[in-house]
K.L.:
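Just dropping this structure here.
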Amino acid sequence: MIRVLEFKKEVRARIESVLDHGAIMEASRDWHAKRNPIPCGMTIHTGISCDFGCLYCYIYDMGFTGKPRPYNLSGLQLVYALTVNPYFTPGIHGTLLAFGSVTEPFMDNTLSRTLEYFRSLRDYLGNPQQVSTKAIIPDNLIDDLRLSVDPDISILISLSTLRHADKLEPRAPPPESRLVFASKLIKRGFHVTLFLRPIIPSITDREIKDILDKASSYNIETIVTGTLRVTPRILKNLEVSRVVDINQLKNRIPENLKPRVQVAIKSSDLKSYIIREAEKRGIKILPASCSANIDSHRQACAACDMGPCGLEEKLPEVDEEGVIGACEALGVRVSQVRIQNNIVNIKCIDKPDKCRVLKHLIISLARRTPKIKITS
Ligand code: SF4
Ligand code: SF4
């Protein structure tokens with residue numbers, strides 16, 4: 001724990017010695033320097049916006065409507081930003097990294113920045129990497145990918161439909177081409193998972209048998225499902241597409257929609273159906289994208305109630321004394337630590353910000369579920 005904190009400081013100092021003041025300031029102000037990791041880990045923005053135009057995409061509601069462009073930070077600046085982020089833990093057992101988020105990381109406009117980020121983060125920090133994509137890297141660049149990434153990177157190939165992609169994902173590569181790309185990656189030794197996200201009611205569920213059979217025929221052995229999130233704009237888009245059963249979709253929306261606010265639809269029945277069909281075909285189902293990252297790195301995680309994920313025997317050993325030592329090293333005051341069934345219960349008597357730093361450290365280094373009661 002102390003070693004990890006020192007390593008983070010050392011990396012920051014190394015980068016401070018090579019970047020100029022302006023670059024350091026830009027990195028310090030960046031979103032990556034401040035944000036809390038989300039459940040799938042820390043999302044890494046390799047670019048801004050996307051021109052694939054998927055009708056269900058929420059980035060357009062987030063204001064990312066312009067021409068796609070690479071993210072403004074250099075690889076070194078990105079590393080620096082993460083080393084000043086108090087919620088980020090470096091190292092192979094540190095914070096999970098998820099590349100993509102508000103762009104398509106392998107689009108022509110963003111690919112070279114994405115490869116730069118893979119290399120810089122691997123070489124300086126070493127955290128587990130994951131990328132989700134609908135794009136296809138040409139054969140001659142797959143070697144560049146191999147040379148740039150964390151060797152155990154988890155690659156999620158996104159797919160929601162085989163039959164209606166021309167309407168729902170008008171400028172993304174055809175689904176069959178994505179599966180061919182997936183099989184090439186598998187042959188080159190990459191860990192590939194089919195990312196059934198979003199599950200579009202009346203589309204993905206009706207096609208699921210064909211999707212899973214097709215995925216199996218391309219040697220894909222694991223899947224992750226993901227829920228559709230809608231806004232008024234997305235709902236309208238899907239209605240206009242005329243391929244989605246819009247009444248069924250509306251019935252699945254649990255609350256009134258407000259402009260630009262994303263609402264996850266109710267889809268547990270669809271997920272259960274997909275899981276049953278996958279099980280019939282011997283396809284492994286992972287509960288979340290982070291689970292694929294844990295799986296590809298042969299680690300274990302019990303940081304939420306969907307777990308434990310991965311190889312349980314690989315869960316880091318954690319005891320109350322160790323957690324108290326970690327709190328001291330971090331300078332976070334606590335009055336009680338109790339560990340029960342992979343849950344670390346802590347009474348934190350410090351400022352909420354400091355308690356939050358502790359929470360993310362428990363998730364990353366201990367890979368356990370933190371339950372932190374702030375009593376200051
Ligand atoms: S490829 Fe991804 S980022 Fe691009 S439009 Fe589709 S869902 Fe959005
Ligand atoms: S337990 Fe599994 S689903 Fe939960 S955070 Fe860990 S890897 Fe993700």
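Residue numbers start at 1 and run along the sequence shown. Order of appearance sets the numbers: ligands from 1, and atoms from 1 within every ligand.
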K.L.:
Within 45° of the axis and under 6.0 Å from the centre of the six-membered ring of Tyr71, does NZ or CZ of Arg113 qualify?
P.N.:
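Because its charged atom misses either the 6.0 Å distance or the 45° angle limit, Arg113 does not stack over Tyr71.
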K.L.:
Check each atom of ligand 2 against the heavy atoms of Ala303 and keep those under 4.0 Å away; list them by number with element.
P.N.:
1 (S), 6 (Fe)
K.L.:
Under a 3.5 Å threshold, yes or no: a donor from one side chain and an acceptor from the other, between Thr227 and Lys271?
P.N.:
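A pair is found: one side chain offers a donor N or O, the other an acceptor, under 3.5 Å apart.
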K.L.:
Determine whether the side chains of Arg367 and Gln299 contain a donor N or O and an acceptor N or O closer than 3.5 Å.
P.N.:
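Yes, side-chain donor-acceptor contact under 3.5 Å.
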K.L.:
Which atoms from ligand 2 have a heavy atom of Ser291 less than 4.0 Å away?
P.N.:
7 (S)
K.L.:
For Glu104 and Thr133, does a side-chain donor sit closer than 3.5 Å to a side-chain acceptor?
P.N.:
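Yes, Thr133 and Glu104 have a side-chain donor paired with an acceptor closer than 3.5 Å.
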K.L.:
Is it the case that Ser296 and Ser154 place a side-chain donor and acceptor less than 3.5 Å from each other?
P.N.:
no
K.L.:
As an exercise, identify every atom of ligand 2 less than 4.0 angstrom from a heavy atom of Gly307.
P.N.:
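Once the distances to Gly307 are compared, the set is 1 (S).
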K.L.:
Please determine whether the number of non-hydrogen atoms from other residues, nucleotides or ligands lying under 6.0 Å from atom NZ of Lys359 exceeds 12.
P.N.:
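Atom NZ in Lys359 is not packed in, count stays at 12 or less.
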K.L.:
More than 12 non-hydrogen atoms from neighbouring residues, nucleotides or ligands closer than 6.0 Å to CG on Asp319, yes or no?
P.N.:
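Enclosed.
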K.L.:
Here's a test for you: under side-chain hydrogen bond (donor to acceptor under 3.5 Å, both in side chains), which of Gln262, Arg260, Arg233 qualifies with Asp61?
P.N.:
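The side-chain hydrogen bond (donor to acceptor under 3.5 Å, both in side chains) with Asp61 is passed solely by Arg233 among Gln262, Arg260, Arg233.
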K.L.:
Which residue supplies the protein heavy atom nearest to atom 2 (Fe) of ligand 2, what is that atom called, and how far is it?
P.N.:
Cys309 SG, 2.3 Å
K.L.:
Measure the distance from atom 4 (Fe) of ligand 2 to every protein heavy atom, then report the residue, atom name and distance (to 0.1 Å) of the closest one.
P.N.:
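Looking only at protein heavy atoms, the one closest to atom 4 (Fe) of ligand 2 is Cys304 SG, 2.3 Å.
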K.L.:
Among all protein heavy atoms in this structure, tell me which lies nearest to atom 8 (Fe) of ligand 2, with the distance rounded to 0.1 Å.
P.N.:
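Answer for atom 8 (Fe) of ligand 2: Cys290 SG, 2.3 Å.
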K.L.:
Quick one: which ligand 2 atoms are inside 4.0 Å of a heavy atom on Ile294?
P.N.:
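Answer for ligand 2: 7 (S).
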K.L.:
Which of the numbered atoms in ligand 2 are below 4.0 angstrom from a heavy atom of Cys301?
P.N.:
1 (S), 5 (S), 6 (Fe), 7 (S)
K.L.:
Please write down residue, atom name and distance for the protein heavy atom closest to atom 7 (S) of ligand 1.
P.N.:
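Its nearest protein heavy-atom neighbour is Lys134 NZ, 3.4 Å.
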K.L.:
For the ring pair Phe99 and Tyr117, is the centre-to-centre distance below 6.0 Å?
P.N.:
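No.
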K.L.:
Tell me whether the count of non-hydrogen atoms from other residues, nucleotides or ligands lying under 6.0 Å of CZ in Arg69 goes above 12.
P.N.:
no
K.L.:
If waters are left out, how many protein N/O/S atoms lie within less than 2.8 Å of atom 8 (Fe) of ligand 1?
P.N.:
1
